[in-house]
> 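Please see the structure below; I have some questions.
Side-chain atoms are counted along with the backbone in the values below, which use heavy atoms only and exclude waters and symmetry mates. When a ligand or atom number is given, it counts from 1 through the structure's own listing order.
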Amino acid sequence: MAKRNVIKVGETLLRKKCKPVKDFDEDLWELLDDMKETMHANDGMGLAGPQVGVLRRLAIVEVNNMFLELINPQIIHSEGDWVEEEGCLSVGNFRGRVSRPYKITVTSCDRMGEPFTLQCEGWLARCICHELDHLDGVLFIDKTLDKEKYLKNGGKI
Ligand code: ZN
């Protein structure tokens with residue numbers, strides 16, 4: 001395993017739409033292992049492909065010791081509305097309030113290419129929504145209710 005460099009806001013790679021993962025092979029597994037190490041080294045709750053320069057639809061999340069690898073994930077149902085502060089390893093120290101669904105159902109593949117469906121709520125759901133946004137080039141600073149404050153403090157978009 002090796003730690004990877006986390007790409008910061010301002011770089012165009014973070015704004016691209018990712019392509020689906022096609023090969024569930026050793027390269028993918030190595031990437032996922034590296035991402036886990038990188039997330040832990042940075043005290044993150046999640047990390048998406050584009051944040052380590054890989055424009056593929058994959059992400060990892062870890063909330064309350066529940067670790068998940070999401071390959072080609074899709075949110076198929078969401079309900080509720082919940083505002084809470086978020087941060088992002090690609091954004092630095094700024095934290096801002098974002099409205100997210102409270103409860104989601106997500107379909108995804110695991111690292112072997114096996115599909116699964118997960119229902120979750122609260123922080124795990126929030127974290128998954130945040131990471132899935134990354135796969136479409138969307139950052140939480142685009143959605144935050146505190147965008148004005150972010151921009152006023154010189155935040156990049
Ligand atoms: Zn993020």
Side-chain angles (χ1 to χ4, degrees), residues 1-21 28 30-75 78 80-111 118 120-157:
M1 292 213 289
K3 244 182 1 175
R4 303 211 181 185
N5 194 33
V6 177
I7 291 174
K8 299 289 194 245
V9 63
E11 298 228 19
T12 50
L13 268 181
L14 280 180
R15 295 311 200 165
K16 307 263 190 212
K17 202 169 156 72
C18 296
K19 294 200 170 107
V21 172
L28 173 70
E30 189 184 342
L31 169 66
L32 289 165
D33 291 342
D34 286 356
M35 285 172 68
K36 188 176 187 180
E37 190 177 336
T38 306
M39 179 179 73
H40 284 163
N42 291 285
D43 276 329
M45 293 170 82
L47 196 63
Q51 292 182 279
V52 291
V54 178
L55 294 177
R56 293 284 169 182
R57 305 194 76 81
L58 59 95
I60 58 172
V61 294
E62 189 167 41
V63 177
N64 298 329
N65 294 320
M66 169 124 182
F67 176 74
L68 270 179
E69 293 174 339
L70 300 161
I71 322 292
N72 300 334
Q74 264 188 309
I75 293 169
S78 63
D81 183 42
W82 177 41
V83 175
E84 187 51 83
E85 271 190 4
E86 292 182 15
C88 178
L89 295 181
S90 293
V91 172
N93 290 327
F94 174 76
R95 295 181 66 80
R97 292 167 299 151
V98 182
S99 171
R100 302 276 189 195
Y102 186 73
K103 210 172 176 179
I104 60 168
T105 305
V106 61
T107 61
S108 175
C109 287
D110 67 12
R111 64 162 57 199
L118 174 78
C120 58
E121 58 184 47
W123 274 104
L124 185 55
R126 173 172 295 274
C127 213
I128 290 172
C129 290
H130 176 118
E131 299 312 326
L132 265 60
D133 273 352
H134 274 297
L135 307 183
D136 292 316
V138 175
L139 302 175
F140 87 98
I141 48 175
D142 305 336
K143 296 182 162 182
T144 180
L145 306 171
D146 302 308
K147 192 166 182 174
E148 214 174 303
K149 190 170 102 193
Y150 175 71
L151 294 175
K152 224 155 87 184
N153 291 326
K156 286 186 204 163
I157 285 289

> Is any protein N, O or S atom closer than 2.8 Å to the Zn ion (ligand 1), and if so, which?
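Near the Zn ion (ligand 1), the protein supplies Cys88 SG, His130 NE2, His134 NE2.
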> For a side-chain contact (heavy atoms from CB on, under 4.5 Å) check, start with the C-alpha distance between Leu31 and Arg4, then their side-chain angles and the critical distance, and finish with the verdict.
CA-CA 9 Å; Leu31 169 66; Arg4 303 211 181 185; 3.4 Å; yes
> Evaluate the side-chain proximity of Leu118 to Ser108: yes if any heavy-atom separation is below 4.5 Å, no if none is.
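Ser108 does not reach Leu118 side chain to side chain.
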> How would you list all residue pairs meeting salt bridge (Lys or Arg N to Asp or Glu O under 4.0 Å) that involve residues 86-109, not counting sequence neighbours?
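As it turns out, the salt bridge (Lys or Arg N to Asp or Glu O under 4.0 Å) pairs with a partner in residues 86-109, which skip direct neighbours, are Glu85-Arg95, Glu86-Arg100, Glu86-Arg126, Arg97-Asp146, Arg100-Asp133.
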> Residues in ring-ring contact (aromatic ring centres under 6.0 Å, His included) with Phe67, at least two apart?
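By the ring-ring contact (aromatic ring centres under 6.0 Å, His included) rule, Phe67 matches no residue at all.
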> So do Glu131 and Leu70 actually touch side chain to side chain, heavy atoms under 4.5 Å?
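In short, these two side chains do not touch, never coming nearer than 4.5 Å.
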> So which pairs with a foot in residues 44-71 pass salt bridge (Lys or Arg N to Asp or Glu O under 4.0 Å), sequence neighbours left out?
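Of all non-adjacent pairs touching residues 44-71, those that pass salt bridge (Lys or Arg N to Asp or Glu O under 4.0 Å) are Arg57-Asp136, Glu69-Arg111.
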